[in-house]
There are 2 protein chains.
Amino acid sequence: MATIKDVARAAGVSPSTVSRVLAGHPRISQATRERVLQAMQELNYHPNAIARSLVTRTSRTIGLITSRPTEQAFANPFFPEVIRGIGSVLEEEGYNLLLATTHGEDDDYEACMRLFRGRQVDGVILTSSRLGDRLIAALVAEEQPFVLIGRPLDAEGRPVYSEAHWVNNDNVAAAQTAVEHLLSLGHRRIGFVNGPPHWVFTYDRLEGYRTALARAGIAYDPDLVLSGHITQQDGGRALERLLSLPDPPTAIVAVDDTLALGVLDAALRRGLRVPEDLAVVGFNDDPITAWTRPTLTTVRIPVFELGVMAARMLVSILRGQPVRPRQVILPCQLIVRASTVGEGRAGANV
Amino acid sequence: MATIKDVARAAGVSPSTVSRVLAGHPRISQATRERVLQAMQELNYHPNAIARSLVTRTSRTIGLITSRPTEQAFANPFFPEVIRGIGSVLEEEGYNLLLATTHGEDDDYEACMRLFRGRQVDGVILTSSRLGDRLIAALVAEEQPFVLIGRPLDAEGRPVYSEAHWVNNDNVAAAQTAVEHLLSLGHRRIGFVNGPPHWVFTYDRLEGYRTALARAGIAYDPDLVLSGHITQQDGGRALERLLSLPDPPTAIVAVDDTLALGVLDAALRRGLRVPEDLAVVGFNDDPITAWTRPTLTTVRIPVFELGVMAARMLVSILRGQPVRPRQVILPCQLIVRASTVGEGRAGANV
DNA sequence: CTGTTAGCGCTTTCAT
DNA sequence: ATGAAAGCGCTAACAG
């Protein structure tokens, strides 16, 4: 395989000169540039990016940290969608995207550090965060370039790292809106089907639920709040448990459409009428929610845009440009469909 | 940032020794090993993977070539699903996954070559191929380690590169089965809503369609075959065109569920009854197809398994192990639902 | 405008 | 069992 030396020899110049035409250096004569270019062509030369990285200390690659095994992460439409957003800007900017594959639950810390110290990535995007996330703490401490999709909270749920870059949607407000929608329909017993509670986004959504209830003067009932994995199965299980309560809920807020789908399916199997017997609200506006019968009321999160913004931010940071607001919050939107208001009053399907 | 020299100095040994404990070299005394390990810990040392790559000529990274802009690729559930499969084995094997982001349509060739020559990846997985694909030709010519999901056909549709490694589902047979299902229901005018015809999988599915018709003694009518992008919109458009024919079809085979969804939606909007007025079959068993009303008959492709097999194969190749069969074909399965046989006769939803 | 030199951080013979 | 030295392919001062 041809190296820069081979090209230099073939073109009758020094390696540095070849390196210069590679870099598009201005002060180089047209004649030699062409000779070099031709030699590269003839030898089918492609520069060794690894060797270059070693000296330039950049890789033109950014890492994506999912904090979950790939197998699990990509089961939820959120990730492909956020990658679409990220990819659309990285393609323009000429960066590659490295998926950090993490074995289990918590070695994403090690994996991420390895990527950085190993100089395999110039920066990373974290797609989610946990309460008191130690990965974020380490990234902040080491001043590594990163952007978080979400927001950093300490173990007690207090905002931290005001210097960190992140892009988020206001999950507290979003959940609050969802619950208020149900309250306005007359519901008073509202169940909350949560995912794993250590994630910040689930924490925030629960926060919104509690806030909405408090404002309505409804006491918080822990029996109405269940958490599990974000799968249809666990959604269905949660519903069964809630329905077995002495005073079961008349409406459910699920923190993810996948859970909501499980709830919906279980409810229909049980012969419940939705929304007459049970109203259901999900999160994310998964394309599937427009097709279910009844169609599913859900909170639309601007996932693609979240990815775009995060990538743009990171690229700016890597360029050394100051990022104007270090934190940005994108709006959510409640999509009211038939699972809460019934066929007649719901909006269009698609 | 600590380097191997720093560790060596701190431990009072030479860099080579540090390198040896890093590599788990056997002939090294327990005492020095521990001193080195401790020094690494104290200095928070992480080896520079780039520097290592430069000398070992491996990166422990494999590339994923989608041959489409990320933004487009990840709009179809096929990619996340295949990545789930790939990721599940790469995590075990300790490989990273690099998404090669390609600007437009055909620079995936350049991008892929850059990855290889640049030593950024040890091998690649191609997620799809075109008729007479020059990327495959180049990879074969240069003997680069790669696995194709699909199969290589020349520009005329003839199988080529019998030495190449690939994993595929039998798209010809699958499409044939789908059409035969419709024939068995009495349909004689069957429309075919295709994607871009230069892809091998669309070519193969069209092949299957033609074969089934031929066997049934039905003449091939080019007016019944339309191609477009794989979007719901183009699916809807195709249906409109087909319905405006003097002798419109009573059934549609779409090469992808996304197209089928577009067809279904357009049909329902038009007030057609499905399947009474129009039967619809899709491909891929997108989760959404179990939720539509009517539920969608579709051909289930083992996408996850395709990813698993491809990754396993590639890892074996990289290990230098001979891969037993160089080509493997995974079975498809026709999932009969209400869009062809009506509610009563369809199977369970999920 | 171009060549010389040094070195990025690591692995790997070859000695000892 | 360990160290010395060379080199992976490239870039980046520094000369000229």
Side-chain angles (χ1 to χ4, degrees), chain A residues 1-40 43-61 94 96 113-122, chain B residues 1-40 43-61 113-122:
Chain A
M1 187 128 58
T3 74
I4 201 170
K5 284 184 183 172
D6 300 323
V7 176
R9 199 176 309 121
V13 297
S14 78
S16 0
T17 302
V18 177
S19 176
R20 285 186 186 107
V21 340
L22 230 36
H25 198 93
R27 288 183 308 187
I28 207 130
S29 80
Q30 192 58 28
T32 54
R33 155 170 287 120
E34 277 172 13
R35 250 186 314 142
V36 170
L37 253 19
Q38 197 189 334
M40 297 203 299
L43 294 173
N44 189 20
Y45 169 76
H46 289 244
N48 183 325
I50 292 291
R52 174 183 291 167
S53 282
L54 184 57
V55 27
T56 61
R57 297 156 171 284
T58 63
S59 57
R60 279 264 140 189
T61 299
N96 279 128
M113 287 306 147
R114 221 179 311 127
L115 288 184
F116 268 120
R117 315 298 289 264
R119 298 234 160 270
Q120 298 193 77
V121 301
D122 295 344
Chain B
M1 186 128 56
T3 74
I4 202 170
K5 283 185 185 174
D6 300 323
V7 176
R9 199 175 310 121
V13 297
S14 77
S16 353
T17 302
V18 178
S19 176
R20 286 188 185 104
V21 341
L22 230 36
H25 199 93
R27 289 185 305 186
I28 207 126
S29 80
Q30 191 58 29
T32 55
R33 155 169 288 121
E34 277 171 12
R35 250 185 315 142
V36 169
L37 253 20
Q38 196 188 334
M40 297 202 301
L43 295 172
N44 189 20
Y45 169 75
H46 288 245
N48 184 325
I50 292 291
R52 174 182 293 169
S53 282
L54 184 57
V55 26
T56 62
R57 295 156 173 285
T58 62
S59 57
R60 278 262 144 191
T61 298
M113 286 307 146
R114 221 180 309 128
L115 288 185
F116 268 120
R117 315 299 290 262
R119 296 234 160 270
Q120 299 193 76
V121 300
D122 295 343

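Lettering follows sequence order; numbering is per chain, from 1.
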For nucleotides 7-9 of chain C, tabulate all protein N/O to nucleotide N/O atom pairs closer than 3.5 Å, reporting atom names and distance.
| residue | atom | partner | partner atom | Å |
| --- | --- | --- | --- | --- |
| C/dC8 | O3' | A/R57 | NH2 | 2.9 |
| C/dG9 | OP1 | A/R57 | NH2 | 2.6 |
| C/dG9 | N2 | B/A51 | O | 3.4 |

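- Nearest heavy-atom pair across B/F116 and B/D122 is CE2-O, 3.9 Å.
- Residue-level contact check: B/V18 touches neither bases nor backbone, having no heavy atom under 4.0 Å from any strand.
- In the model, A/E34 has a side-chain atom that pairs as donor or acceptor with a side-chain atom of A/Q30 under 3.5 Å.
- Comparing the helix axis at one end of the helix from C/dC1-D/dG16 to C/dT16-D/dA1 with that at the other, each defined from 5 consecutive pairs, gives an inter-axis angle of 30° (nearest 10°).
- Under the rule for a side-chain hydrogen bond (donor to acceptor under 3.5 Å, both in side chains), the partners of B/S14 that lie at least two apart in sequence or sit in another chain are B/S16, B/T17.
- At whole-Å resolution of the value, CZ in A/R35 and C1' in C/dT2 are 11 Å apart.
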With the criterion being N/O to N/O and under 3.5 Å, what pairs connect the protein with nucleotides 14-16 of chain C, and how long is each?
none

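- With sequence neighbours left out, A/L37 forms a side chain to side chain contact (heavy atoms under 4.5 Å, CB included) with A/V21, A/R33, A/M40.
- Residue contacts shown for B/S53 are absent, as no nucleic acid heavy atom lies under 4.0 Å away.
- With sequence neighbours left out, the side chain to side chain contact (heavy atoms under 4.5 Å, CB included) criterion links B/S53 to A/I50, B/S59.
- Applying the side chain to side chain contact (heavy atoms under 4.5 Å, CB included) criterion to A/R52, with sequence neighbours excluded, gives A/L22, A/P47, A/T56.
- Across all strands shown, B/T17 has heavy atoms under 4.0 Å from sugar-phosphate atoms exclusively, and none from any base.
- With rounding to the nearest 0.5 angstrom, the OG1 atom of A/T3 is 9.5 Å from the CG atom of A/N48.
- Residue pairs that meet the salt bridge (Lys or Arg N to Asp or Glu O under 4.0 Å) test with at least one member in residues 16-26 of chain A, sequence neighbours left out, do not exist here.
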| task | Check the pair B/V13, B/R35 against side chain to side chain contact (heavy atoms under 4.5 Å, CB included), reporting the backbone distance first and the verdict last. | result | CA-CA 9 Å; B/V13 297; B/R35 250 185 315 142; 4.2 Å; yes
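- Considering only residues two or more places apart in sequence or on other chains, B/R60 meets the salt bridge (Lys or Arg N to Asp or Glu O under 4.0 Å) condition with none of them.
- Taking the salt bridge (Lys or Arg N to Asp or Glu O under 4.0 Å) definition, one finds that B/R9 meets it with B/D6, sequence neighbours left out.
- Shown here are the side chain to side chain contact (heavy atoms under 4.5 Å, CB included) partners of A/N44, two or more places apart in sequence or in another chain: A/H46, B/R117, B/E142.
- Atom CD of A/Q38 sits about 10.0 Å away from atom CG of A/L43, to the nearest 0.5 Å.
- The outermost nucleotides of DNA chain D lying under 4.0 Å from heavy atoms of chain B, listed 5' to 3', are D/dA1 to D/dG9.
- In terms of position on DNA chain D, the residue among A/A49 and B/I28 whose nearest nucleotide sits closer to the 5' end is B/I28.
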